[in-house]
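Counting begins at 1 with the first residue of the sequence.
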Amino acid sequence: MTLEECYGMMEGDYKGVMGRLMKEERIIRFLGKFREDNMLEPLETSIKKGVWEEAFWASHNLKGVCQNLGISKLADSSSELCELIRNGAPTVDITPYMEKVREDYTQTLGALNQIL
């Protein structure tokens, strides 16, 4: 599988990340770090505990890393969640938003496991 095909599986922005990082080797190195970091765990833990400031920052960090790496689908879903908890405890049920983030994260890892 090529890196471009991997980005297709993730529904990501291969051309955009190539424009930023310029070398596939560099992108693959950062994608490997992303896979190892398990950025979902602190988000899930802080939401379960109701520690909304931590949940906000965890979702914000996930969104930012995904945007920088061109992992567009996960960036979008984590951004939606991030906005719902930006000001503390959400006023709506965030369960479907968190499920979407989990689903997109799983899809992303599945694609990364095929190339890394």
Side-chain angles (χ1 to χ4, degrees):
M1 167 183 293
T2 67
L3 184 59
E4 189 169 6
E5 290 168 336
C6 177
Y7 268 84
M9 285 182 67
M10 294 189 297
E11 299 180 46
D13 180 15
Y14 174 76
K15 290 181 182 179
V17 74
M18 279 298 290
R20 281 187 297 286
L21 299 181
M22 300 205 208
K23 293 182 180 181
E24 284 197 357
E25 296 81 18
R26 186 176 295 144
I27 296 166
I28 289 171
R29 187 175 74 237
F30 282 112
L31 289 174
K33 289 180 181 191
F34 174 83
R35 184 179 69 168
E36 292 170 10
D37 282 347
N38 188 10
M39 297 182 75
L40 195 60
E41 183 189 355
L43 175 58
E44 290 180 316
T45 300
S46 57
I47 287 174
K48 284 178 188 171
K49 291 181 177 179
V51 183
W52 298 109
E53 186 174 355
E54 286 180 22
F56 167 74
W57 285 112
S59 63
H60 191 273
N61 289 339
L62 178 60
K63 173 188 74 167
V65 168
C66 289
Q67 286 174 332
N68 286 331
L69 291 176
I71 306 172
S72 307
K73 187 174 182 183
L74 182 54
D76 292 344
S77 60
S78 57
S79 178
E80 284 185 60
L81 179 62
C82 182
E83 291 309 311
L84 290 172
I85 58 179
R86 177 176 290 280
N87 296 313
T91 57
V92 299
D93 180 13
I94 63 168
T95 303
Y97 297 92
M98 190 61 216
E99 287 173 1
K100 178 70 173 136
V101 169
R102 266 190 224 100
E103 176 185 311
D104 295 345
Y105 193 85
T106 299
Q107 178 183 357
T108 298
L109 290 183
L112 293 178
N113 286 337
Q114 301 237 353
I115 194 162
L116 298 175

For Asn87, what residues pass the side chain to side chain donor-acceptor pair (under 3.5 Å) criterion, not counting sequence neighbours?
->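 Listed in chain order: nothing, the list is empty.
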[Y] and [X], any side-chain heavy atoms less than 4.5 Å apart:
| X | Y | result |
| --- | --- | --- |
| Glu44 | Arg102 | yes |
| Phe34 | Ile71 | yes |
| Tyr14 | Thr2 | no |
| Tyr105 | Asn38 | yes |

Met1 atom CE, neighbour heavy-atom count above 12 within 6.0 Å |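 For Met1, atom CE is crowded (more than 12 foreign heavy atoms under 6.0 Å).
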Under-4.0 Å salt bridge between Arg86 and Glu83 =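 Here Arg86 pairs with Glu83 in a salt bridge, since their nearest N and O are under 4.0 Å apart.
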Check whether Val51 and Leu81 end up in the same hydrophobic cluster, where Ile, Leu, Val, Met, Phe, Trp and Tyr are linked by side-chain heavy atoms less than 4.5 Å apart.
->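 As far as the 4.5 Å side-chain criterion goes, Leu81 and Val51 are not connected within one cluster.
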Tell me whether Met22 is reachable from Leu3 by hopping between hydrophobic residues (I, L, V, M, F, W, Y) whose side-chain heavy atoms are closer than 4.5 Å.
->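 No; Met22 is not reachable from Leu3 via cluster members.
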Heavy atoms only: give me the nearest Leu43-Leu62 pair and the separation to one decimal.
->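 Smallest interatomic distance, heavy atoms only, reads CD2-CD2, 4.4 Å.
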If I take atom [atom1] from residue [X] and atom [atom2] from residue [Y], how far apart are they, to the nearest 0.5 angstrom?
| X | Y | atom1 | atom2 | answer |
| --- | --- | --- | --- | --- |
| Ile28 | Arg35 | CD1 | CZ | 11.0 Å |
| Cys6 | Leu116 | SG | CG | 6.5 Å |
| Leu74 | Lys100 | CG | NZ | 9.5 Å |
| Met10 | Cys66 | CE | SG | 9.0 Å |
| Leu40 | Thr45 | CG | OG1 | 9.0 Å |
| Asn113 | Thr108 | CG | OG1 | 10.5 Å |

Short side-chain to backbone donor-acceptor contact, Asp37 and Met39, under 3.5 Å =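 Checked: no pair found.
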Test Tyr7 against Leu31 for side-chain contact (heavy atoms from CB on, under 4.5 Å), laying out the working first.
-> CA-CA 11 Å; Tyr7 268 84; Leu31 289 174; 3.7 Å; yes
According to the salt bridge (charged side-chain N to carboxylate O under 4.0 Å, His left out) rule, which pairs have a member within residues 17-26, sequence neighbours left out?
->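 Counting only pairs at least two positions apart or across chains, no salt bridge (charged side-chain N to carboxylate O under 4.0 Å, His left out) contact touches residues 17-26.
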What is the ring orientation for Phe56 with His60, classed by angle as parallel under 30°, tilted 30 to 60°, or perpendicular over 60°?
->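 It falls in the tilted class, 30° to 60°.
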Results of side-chain contact (heavy atoms from CB on, under 4.5 Å) for Trp52 - residues two or more places apart only =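 side-chain contact (heavy atoms from CB on, under 4.5 Å) list for Trp52, sorted by chain: Ile47, Ala55, Ile85, Ala89, Pro90, Ile94.
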If we ignore angles and hydrogens, is there a donor and acceptor under 3.5 Å between the side chains of Glu11 and Gln107?
->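 On atom types as modelled, these side chains qualify, holding a pair under 3.5 Å.
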Taking it one step at a time, do Asn68 and Leu21 satisfy side-chain contact (heavy atoms from CB on, under 4.5 Å)?
-> CA-CA 9 Å; Asn68 286 331; Leu21 299 181; over 6 Å; no
